[in-house]
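Here is the structure we will look at.
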Amino acid sequence: MPAPREAAIENRLWSLDEAMPRSELRALQARRLRETVERAARVPHYRDALLKAGVTPGDIRSPGDVRRLPFTTKEDLRANYPFGMLAVPRSDLARVHCSSGTTGRPTVVGYTAEDLETWANLCARFLVAGGLKPEHMVHVAFGYGLFTGGFGLHYGIEKVGASVVPASSGNTERQIMLIRDFQSDALICTPSYALNIAEVAREGGLDPRQLSLKIGHFGAEPWTEEMRNEIEMQMGLYAFNNYGLSEVMGPGISGECFRRDGMHVQEDHFLVECLDPETLEPVSPGSNGELVITNLTKQAMPVLRYRTRDICALDDSPCACGRTGIRMGRIFGRTDDMLIIRGVNVFPSQVEEALLKVEGAAPHYMIEVDRPGALDEMTVRVEMKAAQFSDMISQVQALRERIQRAIYGITGLHANVELVKPQTLERFTGKARHVNDKRKDKRRP
Ligand code: ADP
Ligand code: ZN
């Protein structure tokens with residue numbers, strides 16, 4: 001994990017449960033895990049899977065017993081589309097959301113009124129950990145709708161007592177006008193949209209650092225520490241990372257405290273494991289693995305050992321903020337996003353990290369992979385920074401080589417680097433897309 005970059009904000013807890021002694025937390029997890037298995041056993045899919053695994057709720061005595069439970073995958077949720085995974089009658093649902101379908105057909109998730117209350121409190125926890133106060137005005141530029149980002153954060157902000165500007169996504173000029181006129185204190189969106197907002201503001205003659213924004217809570221897509229530096233420099237705010245996925249709940253599974261050295265997992269509500277995606281055995285402490293999450297309190301649609309396909313590392317060392325929840329590092333990438341290029345595993349986040357280390361490269365890039373002959377080729381299209389563009393024409397070759405070296409240093413691969421003019425690559429209002437894989441057989445080494 002990178003060195004902590006503490007934000008100058010007050011260290012406040014939303015709930016004392018966030019600082020629960022570990023021994024108490026383990027006992028609570030054991031109890032809640034047993035209750036969750038009881039609830040899940042009402043779902044035909046889990047009834048069969050538990051029977052097959054030979055486990056009954058009574059067998060669950062400690063959090064470690066989670067390893068006896070069956071896994072759940074996105075395919076399981078799709079096979080039970082739309083409401084086959086509900087553990088409550090459909091009439092008990094208070095709301096329905098869907099995953100954004102980044103990797104295929106969306107999956108449906110349901111919430112009872114109690115689930116919505118829990119969710120709002122969990123979002124309130126990470127928002128407060130990242131400096132949100134009741135007197136703040138918060139601009140939410142996450143899409144409102146089936147996506148969990150907009151509504152999830154919305155009710156968390158209200159819970160804190162701050163005021164929400166439910167701007168939703170799109171129409172960036174209007175977003176900037178609202179942030180400026182309302183003097184909003186906090187911004188909520190994807191990290192790539194934050195950059196987009198900064199850029200459009202500058203184009204309109206407004207330095208985004210002059211806006212009143214003090215903090216940003218960003219998530220919903222992988223981003224790097226280099227991207228955080230870039231956003232903070234461009235916008236003059238403290239940027240915090242938060243993580244979640246709709247299948248488990250939505251945002252609120254984990255978030256950063258003022259130390260910004262990993263995201264505290266809200267372990268009284270989620271049991272996390274970090275497993276080798278091939279062997280499904282736990283990785284050694286601190287190593288990267290697939291995050292597998294089990295709900296501990298969800299009523300409507302609890303999932304057991306959900307395979308998130310997100311790769312990260314867990315850190316159980318104590319944190320100076322007083323929260324006792326284990327910390328997860330940045331999501332390195334999803335197993336679905338991992339490219340195998342000439343037999344080498346590459347995540348888009350590694351390319352992002354490399355190119356943002358190079359002066360003159362803008363944080364806008366597109367990775368194209370193709371196999372024109374027998375061998376894979378990776379081309380990284382990178383925008384040049386507007387400020388440098390005019391006086392850098394003569395140095396284009398040198399800049400290209402620096403980026404190539406940086407990518408080689410991190411991935412071990414030689415990439416073709418194409419420098420393109422400022423403003424030429426696509427901009428995103430939600431989750432960014434950075435990869436275009438044109439190969440027919442993407443898995444062939
Ligand atoms: P979809 O899987 O269709 O994108 P969601 O909208 O539920 O559905 O998005 C959840 C996914 O978004 C996570 O599984 C993860 O890959 C990504 N994600 C969410 N928050 C973060 C974050 N802070 N850093 C990296 N990736 C994130
Ligand atoms: Zn902390």
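As the structure is a prediction and not an experimental result, all values here were calculated from the model. One-based numbering, in listed order, for ligands and for the atoms of each. Counting begins at 1 with the first residue of the sequence.
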Close aromatic pair by centroid cut-off 6.0 Å: Phe218 and Phe240 = no
Using a 4.0 Å heavy-atom cut-off, say whether Phe218 meets ligand 1 through its side chain, its backbone, both or neither.
-> neither
Atoms of ligand 1, numbered as shown, that sit under 4.0 Å from any heavy atom of Asn242 | 20 (N), 22 (C), 23 (N)
Classify the contact between Thr148 and ligand 1 as side chain, backbone, both or neither, using a heavy-atom distance cut-off of under 4.0 Å.
-> neither
To the nearest 0.5 Å, how far apart are OG1 in Thr224 and CD in Glu352?
-> 3.5 Å
Aromatic centroids of His139 and Phe182 separated by under 6.0 Å = no
Sub-4.0 Å atoms of ligand 1 with respect to non-hydrogen atoms of Phe147 | 6 (O)
In terms of atom number and element, which parts of ligand 1 are under 4.0 angstrom from non-hydrogen atoms of Ser246?
-> 5 (P), 7 (O)
For the Zn ion (ligand 2), what is the closest N, O or S atom on His264?
-> NE2
When you measure from atom 16 (O) of ligand 1 to each heavy atom in Thr224, Asp310, Val109, Thr308, which option holds the nearest one?
-> Asp310
Output the list of atoms in ligand 1 that are nearer than 4.0 Å to some heavy atom of Asn241, sorted by atom number.
-> 22 (C), 23 (N)
Return yes when atom CZ of Phe83 has more than 12 non-hydrogen atoms of other residues, nucleotides or ligands closer than 6.0 Å, and no otherwise.
-> yes
For Ile331, take its heavy atoms, then give the atoms of ligand 1 lying under 4.0 Å from any of them.
-> 24 (N), 25 (C), 26 (N)
Between Leu245 and ligand 1, which part of the residue brings a heavy atom under 4.0 Å of the ligand: side chain, backbone, both or neither?
-> both
Are the charged groups of Arg327 and Asp261 less than 4.0 angstrom apart, N to O?
-> yes
Side chain or backbone of Lys74 under 4.0 Å from ligand 1, or both, or neither, by non-hydrogen atoms?
-> side chain
Can you say whether the rings of His97 and Trp119 are parallel (under 30°), tilted (30 to 60°) or perpendicular (over 60°)?
-> perpendicular
CZ of Arg90: more than 12 outside heavy atoms within 6.0 angstrom?
-> no
Residues Glu290 and Arg334 bridged, charged N to O under 4.0 Å | no
To which of Lys431, Glu221, Glu247 does the heavy atom nearest atom 26 (N) of ligand 1 belong?
-> Glu221
